[in-house]
Protein chains: 2
Amino acid sequence: MSACGEHDACTERALQWAEQICQEQGLRFTTLRRRVLEIIWADHAPTKAYDILAQLEQEHASAKPPTVYRALHFLLEHKLIHKLDSQNAYVGCSHPLEHEACYFLICKRCHVVVECCGRALDQAISDSAIAHNFSRQKTTLEISGECEACLQQ
Amino acid sequence: MSACGEHDACTERALQWAEQICQEQGLRFTTLRRRVLEIIWADHAPTKAYDILAQLEQEHASAKPPTVYRALHFLLEHKLIHKLDSQNAYVGCSHPLEHEACYFLICKRCHVVVECCGRALDQAISDSAIAHNFSRQKTTLEISGECEACLQQ
DNA sequence: AACATAGTTGTTACATTATAACATTACATA
DNA sequence: TATGTAATGTTATAATGTAACAACTATGTT
Ligand SMILES: [Zn+2]
Ligand SMILES: [Zn+2]
Ligand SMILES: [Zn+2]
Ligand SMILES: [Zn+2]
């Protein structure tokens with residue numbers, strides 16, 4: 001499920017972003033890391049680590065769990081992907097350049113994940129943390145339900 | 001870590017709630033389920049399933065993973081506990097009677113979890129879902145950072 | 001009391017998700 | 001080319017969670 005007219009463009013854009021970010025920061029965007037990012041960007045649904053492994057194995061005989069998890073750690077660290085804790089699965093980041101607090105709308109039917117970055121909601125979260133004298137460091141916000149397209153069926 | 005003056009009172013209250021809720025709904029609050037709830041309520045930190053198992057084993061020779069997970073499923077189903085997806089761990093529900101959308105402040109230092117239920121933040125989440133024509137069914141909101149007590153040290 | 005029933009627990013086995021530890025290889029650059 | 005660092009290969013294992021079926025327990029009905 002892609003939820004976008006031209007998904008090749010999404011993938012292309014994500015890979016170019018990754019290339020650019022790695023270049024700017026002197027990071028090595030190796031074949032393996034690129035391939036894992038491509039697999040994750042095959043669609044807009046969350047991808048499981050062991051499904052990535054299954055794909056990698058077909059083209060890369062030495063692929064093992066650490067192969068995949070290392071690539072995932074690299075991509076997470078540099079915010080090229082996100083982990084959805086409620087699903088134990090990974091999605092490509094939709095806007096790695098301008099990175100703020102983001103949250104996810106996850107469709108239970110078509111599995112499309114939309115990444116949102118609204119200042120309003122982010123502010124509401126900060127306000128609540130402040131009200132509890134809590135110093136906010138990391139936020140996990142994942143909303144599952146049904147997307148517009150699925151509701152219209 | 002308890003984050004409350006009189007933690008025995010927290011536990012006592014939680015067990016009585018559970019008793020009452022099960023009675024009202026014709027559910028069986030068995031020894032095993034009560035014991036798992038007690039273990040979770042030993043403090044305000046998230047508890048891991050296999051740590052519960054380790055405790056149960058000492059007093060209940062036949063305890064195995066399904067023993068624990070069944071009790072957890074029961075307690076989750078009836079909203080006596082919550083699972084924190086960002087930690088793979090479980091906490092007692094602080095207000096099982098008046099249950100609305102809730103979210104969690106998780107202290108990285110002392111591990112105390114505070115469950116919050118603010119209408120304002122809940123509304124902001126709904127607004128955002130509506131803005132994306134998304135039908136919201138389940139929300140995971142977990143904020144990790146440092147609590148007031150730890151910040152003052 | 002005997003029986004039927006549904007719910008709970010026991011038991012074994014396994015699936016899924018993730019990491020530790022150490023060896024080897026590739027890459028940059030001096 | 002030597003040398004150090006980062007990346008990958010390799011083996012093993014840890015951590016989290018479920019399937020499937022057997023045995024038991026509580027409860028209500030004949
Ligand atoms: Zn797309
Ligand atoms: Zn959908
Ligand atoms: Zn307490
Ligand atoms: Zn704290």
Side-chain angles (χ1 to χ4, degrees), chain A residues 18-19 21-40 45-78 80-91 140 142, chain B residues 18-19 21-40 45-78 80-91 140 142:
Chain A
E19 204 105 51
I21 286 169
C22 290
Q23 173 127 44
E24 285 170 5
Q25 303 183 28
L27 306 168
R28 288 168 56 188
F29 193 48
T30 62
T31 313
L32 211 46
R33 291 166 174 173
R34 160 184 282 270
R35 188 70 192 103
V36 169
L37 187 56
E38 276 173 13
I39 291 170
I40 289 172
T47 309
K48 296 269 182 178
Y50 276 76
D51 290 343
I52 295 170
L53 177 56
Q55 288 210 50
L56 266 191
E57 274 170 342
Q58 298 180 9
E59 48 198 67
H60 190 92
S62 73
K64 296 279 178 309
T67 316
V68 169
Y69 282 103
R70 283 171 184 152
L72 290 174
H73 289 319
F74 174 87
L75 298 170
L76 285 168
E77 185 177 1
H78 301 294
L80 299 170
I81 62 172
H82 297 287
K83 178 175 183 186
L84 299 182
D85 285 326
S86 64
Q87 325 269 318
N88 289 329
Y90 304 82
V91 286
T140 298
E142 299 168 20
Chain B
E19 204 105 51
I21 286 168
C22 289
Q23 174 127 43
E24 285 171 6
Q25 303 184 28
L27 306 168
R28 289 169 53 190
F29 192 49
T30 63
T31 312
L32 211 47
R33 289 165 176 174
R34 160 184 281 272
R35 189 68 193 105
V36 169
L37 187 56
E38 277 174 12
I39 291 170
I40 289 172
T47 309
K48 296 268 181 179
Y50 276 76
D51 289 343
I52 296 171
L53 178 56
Q55 288 210 50
L56 267 191
E57 275 171 341
Q58 300 182 7
E59 45 197 73
H60 190 92
S62 73
K64 295 278 179 310
T67 316
V68 169
Y69 282 102
R70 282 169 184 155
L72 290 174
H73 290 320
F74 175 87
L75 297 169
L76 284 168
E77 185 178 1
H78 301 294
L80 300 170
I81 62 172
H82 298 288
K83 178 174 184 186
L84 298 183
D85 285 326
S86 64
Q87 324 269 318
N88 289 329
Y90 305 82
V91 285
T140 297
E142 298 167 21

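Just so it is clear: chains get the letters A, B, ... in the order the sequence lines come, proteins before strands, and each one is counted from 1.
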Novice: Can you sort out the partners of A:Ser86 under side-chain hydrogen bond (donor to acceptor under 3.5 Å, both in side chains), two or more places apart, ordered by chain and number?
Specialist: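 Per chain and number, A:Ser86 pairs via side-chain hydrogen bond (donor to acceptor under 3.5 Å, both in side chains) with A:Glu142.
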
Novice: When B:Ile52 is tested against each of B:Leu37, B:Thr67, B:Thr47 for side-chain contact (heavy atoms from CB on, under 4.5 Å), which residue passes?
Specialist: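 Going through the options one by one, the only one that passes is B:Thr47.
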
Novice: Enter the distance from B:Leu75:CG to B:Ile81:CD1 here, rounded to the nearest 0.5 Å.
Specialist: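 Result: 4.5 Å between the selected atoms.
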
Novice: Could you measure the distance from the CZ atom of B:Arg33 to the CG atom of B:Leu27? Nearest 0.5 Å is fine.
Specialist: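 If we round to the nearest 0.5 Å, B:Arg33:CZ and B:Leu27:CG are 8.0 Å apart.
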
Novice: Taking 5' to 3' order, which nucleotide of DNA chain C is first and which is last to have an atom within less than 4.0 Å of a heavy atom in chain A?
Specialist: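 Both ends considered, the range comes out as C:dT17 to C:dC27.
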
Novice: D:dG9 phosphate, OP1 or OP2: any side-chain N/O from A:His60 under 4.0 angstrom?
Specialist: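 Indeed, a polar side-chain atom of A:His60 lies that close.
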
Novice: Using a 4.0 Å heavy-atom cut-off across all strands, classify B:Tyr90 as base, sugar-phosphate, or nothing.
Specialist: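 Answer is sugar-phosphate: B:Tyr90 comes under 4.0 Å of backbone atoms only.
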
Novice: Can you tell me how far C1' of D:dT8 sits from CG of A:Leu72, to the nearest Å?
Specialist: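 Distance, rounded to whole Å: 15 Å.
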
Novice: Output the distance between atom OG1 (A:Thr140) and atom CG (A:Leu84), rounded to the nearest 0.5 Å.
Specialist: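 Answer for the OG1-CG pair, A:Thr140 versus A:Leu84, is 9.5 Å.
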
Novice: Is B:Gln23 atom CD crowded by more than 12 heavy atoms from other residues, nucleotides or ligands, each under 6.0 Å away?
Specialist: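 No.
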
Novice: Given that A:Tyr50 and A:Ser62 both sit by DNA chain D, which one's nearest nucleotide is further toward the 5' end?
Specialist: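 Result of the comparison: A:Ser62.
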
Novice: Which whole-number value in Å describes the distance from A:Gln25 CD to D:dA6 P?
Specialist: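 These atoms are roughly 15 Å apart.
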
Novice: Roughly how many Å is it from CG in B:Leu84 to P in D:dG17, rounded to a whole number?
Specialist: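 Roughly 12 Å, once rounded to whole Å.
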
Novice: Which whole-number value in Å describes the distance from A:Glu57 CD to D:dG9 P?
Specialist: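 About 12 Å, once rounded to whole Å.
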
Novice: Could you give the CG-to-P distance, from A:Leu53 to D:dT10, as a whole number of Å?
Specialist: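 In whole Å, D:dT10 P lies 14 Å from A:Leu53 CG.
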
Novice: Output the distance between atom CG (B:Leu53) and atom CD (B:Gln58), rounded to the nearest 0.5 Å.
Specialist: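 Output value for this atom pair is 10.5 Å.
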
Novice: Residues two or more places apart in sequence or in another chain: which of them pass side-chain hydrogen bond (donor to acceptor under 3.5 Å, both in side chains) with B:Glu19?
Specialist: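 Testing B:Glu19 for side-chain hydrogen bond (donor to acceptor under 3.5 Å, both in side chains), a comparison that skips the adjacent residues, returns B:Arg34.
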
Novice: Rounded to the nearest 0.5 Å, how far does CZ of A:Phe74 lie from OG1 of A:Thr30?
Specialist: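 Answer rounded to 0.5 Å: 7.0 Å.
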
Novice: Grab the two heavy atoms, one from B:Val91 and one from B:Pro46, that are nearest each other, plus how far apart they are.
Specialist: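 Minimum heavy-atom contact is CG1-CA, 3.6 Å.
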
Novice: Could you tell me which residues satisfy side-chain hydrogen bond (donor to acceptor under 3.5 Å, both in side chains) with A:Glu38, sequence neighbours excluded, listed by chain and number?
Specialist: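 side-chain hydrogen bond (donor to acceptor under 3.5 Å, both in side chains) check on A:Glu38 returns A:Arg35.
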
Novice: Kindly confirm whether the side-chain ring of B:Tyr69 is stacked on the base of D:dT18, judged by centres under 5.5 Å and planes under 30°.
Specialist: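 B:Tyr69 ring does not meet the centre or angle cut-off for D:dT18; no stack.
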
Novice: Looking at five pairs on each end of the helix from C:dA1-D:dT30 to C:dA30-D:dT1, what is the angle between the two axes, given to 10 degrees?
Specialist: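 It works out to 20° between the end axes.
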
Novice: Just the table, please: protein N/O against nucleotides 20-28 of chain D N/O, every pair under 3.5 Å.
Specialist:
from, atom 1, to, atom 2, distance (Å)
D:dA20, N6, B:Arg70, NH2, 3.2

Novice: Does B:Phe74 reach a base, just sugar-phosphate, or nothing at all? Heavy atoms under 4.0 Å.
Specialist: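 Counting heavy atoms under 4.0 Å across all strands, no contact is made by B:Phe74.
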
Novice: Give the rounded distance in Å between these two atoms: NZ of A:Lys64 and C1' of D:dA7.
Specialist: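 Between C1' of D:dA7 and NZ of A:Lys64: 16 Å.
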
Novice: For the CD1 atom of A:Ile40 and the NZ atom of A:Lys48, what is their distance to the nearest 0.5 Å?
Specialist: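 If I round to the nearest 0.5 Å, the distance is 13.0 Å.
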
Novice: What is the separation between atom CZ on A:Arg35 and atom P on D:dT8, rounded to the nearest whole Å?
Specialist: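 Checked: the CZ to P distance equals 15 Å.
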
Novice: Please state how far atom NZ in B:Lys48 lies from atom P in D:dT16, giving the value in whole angstrom units.
Specialist: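 The distance from NZ of B:Lys48 to P of D:dT16 comes to 4 Å, rounded to the nearest Å.
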
Novice: Think A:Thr30 has a side-chain N or O under 4.0 angstrom from the OP1 or OP2 of D:dT8?
Specialist: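 Answer is yes, contact under 4.0 Å.
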
